[in-house]
Amino acid sequence: MSGVLLWVVCPKENASFAATTSYSLVPKNRAQVRSHNSKGCSRLNFSSEVFAAASLSSAVASPPRSSVEKVYEVVLKQAALVKEQKKERALDVRKEKGQTDSMTRGDLLNGAYNRCGEVCSEYAKTFYLGTLLMTPERRRAVWAIYVWCRRTDELVDGPNASHITPKALDRWEQRLNELFEGRPYDMYDAALSNTVSKYPVDIQPFKDMIEGMRMDLKKSRYKDFDELYLYCYYVAGTVGLMSVPVMGIAPESKASTESVYNAALALGIANQLTNILRDVGEDARRGRIYLPQDELAQAGLSDEDIFKGKVTDKWRSFMKGQIKRARMFFDEAEKGVAELNDASRWPVWASLLLYKQILDSIEANDYDNFSKRAYVGKTKKFASLPVAYGRALMGGSSKFAKPARS
C-alpha cells in the first residue's frame, strides 16, 4: 500500500506504544550519518528539522545505519543541488531560451503538460485547484511529477498489480533513466523530462520510489518503526524531495535549504502514516500489515488480532500512540510550509490540513479502521480551503532557528 501526495516521537504516557525512544528526522550529531551506535533505533533528539537521507537503493556499509541516517544523506544531496543551481541560473536561462526558440515540438510538449493537468484534476481535485495559484511553469512541472508518481504507484496498487514483476519495475526504472537523459518514452515522460531539465530535480528520489514499489512486491510486515520509516520515505517522503525544487523557497526565507527539504519529507511521512492507519482493515484483507511488529507485541496485540478486526481497549490504546506520532510529523511539516514560495503554499497547506483531518475521523470512528474507512466529507473539505488559503497568505517568519541560506 502506498500513497502519492505532493509535499516521531513516541508518547511517553502510552505504555502500549512500543517505540518509547525519541525519534528524530535528522541525526542529533551530523557525524552520526557516517558513524553511530549499532542499536536498531538510536535515541535521537527530536528537533525542528525533519527526517533526512541517503542513496537508499545502495548497499549499507558496516556498521549498519538507521533509516533516518540513510535518508538524511539524500536530503543533503537535494539541498546541495538547489545551491548549485543558483550559481548556474543565468547560464541555464540563456540555454533554455535557445532550446525553446529552436524547438519545433513545442505544441506537443504543451499538450503533454495539459494532459498531465487533466490527470491531476481527475484524481487529486483539491490539490489541482491549489496548483492553479502557481505560476504556469511551476504548475505544469508539479503536474508532471504528480503523474509520474501516480503511474509508479499504480504499478503495484492498480488494476494490473497482480501481473507486475520485479522485471517490470526494472524496465520502469530504465525508462526513468532515459527520460532524465532526454529520451522520453511517451507524452507523460516527455513532460517530466522537460521538467527535470529546468529544475534542480535529482533522479535519486524517483529511483527510491521505485524501490518502495519493489518492497511492496516482497514485503508485507515491518519489524519496527525504523523499517516502516524507510518504507514511508520510499513511497511518499520522496515526493516532497521531488517537489521542493519546483515549488521554490521564498526569497525572504531565513531557513536553511536543508530544513525546508526536511519539512517536505516530514509531510510525506505524515501522509503515508495516515494512509496506513486509515487502511488497516483494507490492507489486512490483502494479507498486509503496515504496523511495527514490535509495537504491536508490546501493546499485547498480534497479527491475528488485526485479521479478526475487533476494536478492543488494547487496540484503542495502540492507535492513540500511532496517531500521536503521525501528528508530530504533521507538526514538523507545518514549520516548513511558510518557507515555500508564496504561490506554492496554498496547495501544500490544503493537502496538509485535509490529510491531518483523516486522523480526526479515525478517532471519531472510535478507532475502528477495520470496517470503517475514515474520510473527510465535502463540507469539511470546503471549510478547510479558506483556512489553508489564509495560512498561505500569512506566510511569514521562519519557524526554523537556522542561519540564512547561503
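Note that the coordinates shown come from a computational prediction; the quantities given were computed from them, not determined experimentally.
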With sequence neighbours left out, the residues meeting ring-ring contact (aromatic ring centres under 6.0 Å, His included) with Phe206 are Trp148, Phe180

With distance as the sole test, does Glu69 use its side chain to make a donor-acceptor pair with the main-chain N or O of Ser66 at under 3.5 Å?
yes

Side chain of Asp283, backbone of Arg288: donor and acceptor closer than 3.5 Å?
no

So which heavy atom on Asp331 is nearest to which on Lys356, and how close?
OD1-NZ, 3.4 Å

Nearest atoms (heavy-atom pairs only) where Asn177 meets Ile203:
OD1-CD1, 3.4 Å

Considering only residues two or more places apart or on different chains, which pairs with a residue in residues 117-132 satisfy salt bridge (Lys or Arg N to Asp or Glu O under 4.0 Å)?
Arg115-Glu118

Ring-ring centroid check Trp315 Phe318, cutoff 6.0 Å
yes

Closer than 3.5 angstrom, by distance alone: can the side chain of Thr152 be matched with the main-chain N or O of Ile210 as a donor-acceptor pair?
no

Are any side-chain N or O atoms of Arg345 and backbone N or O atoms of Leu340, one a donor and one an acceptor, separated by less than 3.5 Å?
yes

If I compare all heavy atoms of Arg285 with all of Phe370, which pair ends up nearest, and what's the gap?
NH1-O, 3.2 Å

Flag the pair Phe330 / Asn271 as yes when at least one side-chain heavy-atom distance between them is below 4.5 Å, and no otherwise.
yes

Tell me the side-chain hydrogen bond (donor to acceptor under 3.5 Å, both in side chains) pairs involving residues 377-390, sequence neighbours left out?
Gln357-Ser384

Examine distances only and state if a side-chain atom of Ser193 and a backbone atom of Asp189 form a donor-acceptor pair shorter than 3.5 Å.
no

